[in-house]
Asks: 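Before I ask anything, here is the structure I am working with.
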Protein chains: 2
Amino acid sequence: MIDRTDREILHWLKQDARMQWKEIGEKVHLTGQAVAARIRRLEEMGVIEGFTVKLDQAKLGHPITALVTVFMKSSNHRALWQFLADHPMVEEAYRISGEGCFWLKVSASSQKELNHFLDDVLRYGNYRLNLSIEKIR
Amino acid sequence: MIDRTDREILHWLKQDARMQWKEIGEKVHLTGQAVAARIRRLEEMGVIEGFTVKLDQAKLGHPITALVTVFMKSSNHRALWQFLADHPMVEEAYRISGEGCFWLKVSASSQKELNHFLDDVLRYGNYRLNLSIEKIR
DNA sequence: TATGAAATGCAATAGTC
DNA sequence: GACTATTGCATTTCATA
């Protein structure tokens, strides 16, 4: 279904998603064509969801990374779900187990922008805020 | 320093990091070469940290995503820092403000594997655990 | 599911503005 | 910084095992 070679290919793609099929092929002892076929299959299977860039948010003018836990007061999960799914400041969002909570990673250009976001969140529930002071990974 | 066109390029790369320079060029009204030059510059500036794949961890045999907050008991931050920076299950880790804490996103293949990880974390401090029950973004 | 050969087309480089 | 023209090489496709 998904063998050791597939995992090796994913390993290299994780390091550099623009690596050439041929180059990956040399690393995993396959031709570029075989690598291309495997990657196509992994995409079709949904194992590979897509290819992206890792960006330095601070250098893009978003120096604030906030880790937010939201505690719902109402049971109107759906509305918050949609709010989070659409909001441009939300980089990651999870529904989590426990007292009807969500967990978010939010990127902000200023304290003011973050405050405004949090005010919007307050319409749905309370929150606990943690600010990142260093990104480890 | 970093203009509107750069941001547009980043926007397209975020959607598909393997999009061809030429194709991006058509979208932002530039030649492929001009796009390549800008991307090279953005990499040198460190705005682009790299190119990666988005993977479906569940389909790779890691159905559990845990969001963990660590509260240090000692002040031996450095040791935990290193532990987190190296550990293969840790997908993201941040030093956060407040009571000497870290925040982590951890991927696990089983409850047992997660428990083992958490036991290791206990050497450094206490933790609060939340399990993801749905990935929103 | 892999390879080898052929056709296509992108990327890299150099030169110009 | 961007464009055009040229060259080199990866990707794609197809036939084959």
Side-chain angles (χ1 to χ4, degrees), chain A residues 1-63 88 91 107-110, chain B residues 1-63 88-89 91 107-110 113:
Chain A
M1 192 77 187
I2 154 166
D3 64 14
R4 179 164 173 69
T5 305
D6 289 326
R7 287 180 190 273
E8 276 182 59
I9 291 172
L10 294 177
H11 166 82
W12 292 112
L13 281 179
K14 210 165 177 179
Q15 316 246 331
D16 179 9
R18 287 203 65 105
M19 193 178 281
Q20 299 179 330
W21 300 160
K22 187 185 179 181
E23 191 181 347
I24 296 175
E26 285 160 11
K27 292 179 186 297
V28 304
H29 311 295
L30 239 48
T31 59
Q33 297 93 299
V35 172
R38 279 172 178 265
I39 290 174
R40 210 179 305 124
R41 205 182 95 258
L42 289 167
E43 287 188 84
E44 283 161 7
M45 288 168 68
V47 173
I48 292 178
E49 295 174 342
F51 299 90
T52 18
V53 266
K54 284 179 283 186
L55 299 176
D56 185 326
Q57 289 298 335
K59 289 183 177 161
L60 281 166
H62 296 108
E91 300 224 304
S107 180
S109 61
S110 66
Chain B
M1 191 77 186
I2 154 167
D3 63 15
R4 179 165 172 68
T5 304
D6 289 325
R7 288 181 189 271
E8 275 182 60
I9 291 171
L10 295 176
H11 167 80
W12 292 111
L13 282 179
K14 209 166 178 179
Q15 316 246 330
D16 179 9
R18 287 204 65 104
M19 193 177 282
Q20 299 178 335
W21 300 160
K22 187 184 177 180
E23 192 180 346
I24 296 175
E26 286 161 9
K27 292 180 185 297
V28 305
H29 311 295
L30 240 48
T31 60
Q33 295 91 310
V35 172
R38 278 171 178 266
I39 290 174
R40 211 179 303 125
R41 204 182 97 256
L42 289 166
E43 286 189 84
E44 283 161 7
M45 288 168 66
V47 172
I48 293 178
E49 296 174 342
F51 298 90
T52 18
V53 266
K54 283 179 283 187
L55 299 176
D56 186 323
Q57 289 299 335
K59 288 183 178 161
L60 281 167
H62 296 107
M89 289 169 66
E91 300 223 303
S107 180
S109 61
S110 66
E113 189 182 58

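First the proteins, then the strands, lettered A, B, ... as listed; each starts at 1.
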Asks: Distance from B/I48 atom CD1 to A/K59 atom NZ, nearest 0.5 Å?
Replies: 11.5 Å
Asks: Do other residues, nucleotides or ligands put more than 12 heavy atoms under 6.0 Å from B/K14 NZ?
Replies: no
Asks: Hey, are the side chains of B/T31 and B/K22 touching, using non-hydrogen atoms and a 4.5 Å cut-off?
Replies: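 Answer no - side chains too far apart.
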Asks: Below 4.5 Å, heavy atoms only, C-beta onward: do B/L10 and A/L60 meet side chain to side chain?
Replies: yes
Asks: Tell me, which of residues 29-38 of chain A have any heavy atom that sits under 4.0 Å from an atom in DNA chain C?
Replies: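 Listed by number, they are A/L30, A/T31, A/Q33, A/A34, A/R38.
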Asks: Give, for atom CG of A/L30 and atom CZ of A/R38, the distance between the pair rounded to the nearest 0.5 Å.
Replies: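 Going from CG on A/L30 over to CZ on A/R38, the span is 5.5 Å.
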Asks: Going by number, which of residues 3-26 of chain B have a non-hydrogen atom under 4.0 Å from DNA chain C?
Replies: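 Output list: B/Q20, B/W21, B/K22.
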Asks: Identify the two heavy atoms, one from A/G46 and one from B/D56, that lie closest to each other, and give their separation to 0.1 Å.
Replies: O-CB, 3.4 Å
Asks: Return the residues of residues 42-55 of chain A meeting this criterion: a heavy atom under 4.0 Å from some atom of DNA chain C. Order them by number, or give none.
Replies: none
Asks: Is there a side-chain contact between A/E43 and A/I39, using heavy atoms and a 4.5 Å cut-off?
Replies: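 Yes; the side chains approach each other to less than 4.5 Å.
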Asks: Between A/S109 and A/H62, does a side chain to side chain contact (heavy atoms under 4.5 Å, CB included) hold up when you go through it step by step?
Replies: CA-CA 4 Å; A/S109 61; A/H62 296 108; 3.7 Å; yes
Asks: Donor-acceptor pair, distance only, cut-off 3.5 Å: does the side chain of B/E23 make one with the backbone of B/M19?
Replies: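 A pair under 3.5 Å: no.
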Asks: Report the distance from atom CH2 of B/W21 to atom CZ of B/R40, rounding to the nearest 0.5 Å.
Replies: 9.5 Å
Asks: Nearest 0.5 angstrom please: A/I24 CD1 to A/Q15 CD, how far?
Replies: 11.0 Å
Asks: Students should find this one: the first and last nucleotides of DNA chain C, 5' to 3', lying under 4.0 Å from a heavy atom of chain B. What are they?
Replies: C/dC10 to C/dT13
Asks: Reading DNA chain D 5' to 3', which nucleotide is the first, and which the last, to come under 4.0 Å of any heavy atom in chain A?
Replies: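 Contact boundaries, 5' end first: D/dA10 to D/dT13.
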Asks: Kindly give the heavy-atom pair with the smallest separation between B/E91 and B/Q57, and that separation in Å.
Replies: OE2-NE2, 3.1 Å
Asks: With sequence neighbours excluded, what pairs up with A/R18 under the salt bridge (Lys or Arg N to Asp or Glu O under 4.0 Å) test?
Replies: none
Asks: Could you check whether any side-chain heavy atom of B/R41 comes within less than 4.5 Å of a side-chain heavy atom of B/D6, counting everything from C-beta outward?
Replies: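 Heavy-atom side-chain distance check passes, below 4.5 Å.
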Asks: Do any N or O atoms from the side chain of B/D16 and from the backbone of B/L13 form a donor-acceptor pair under 3.5 angstrom?
Replies: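 Here the side-chain-to-backbone pair does not exist.
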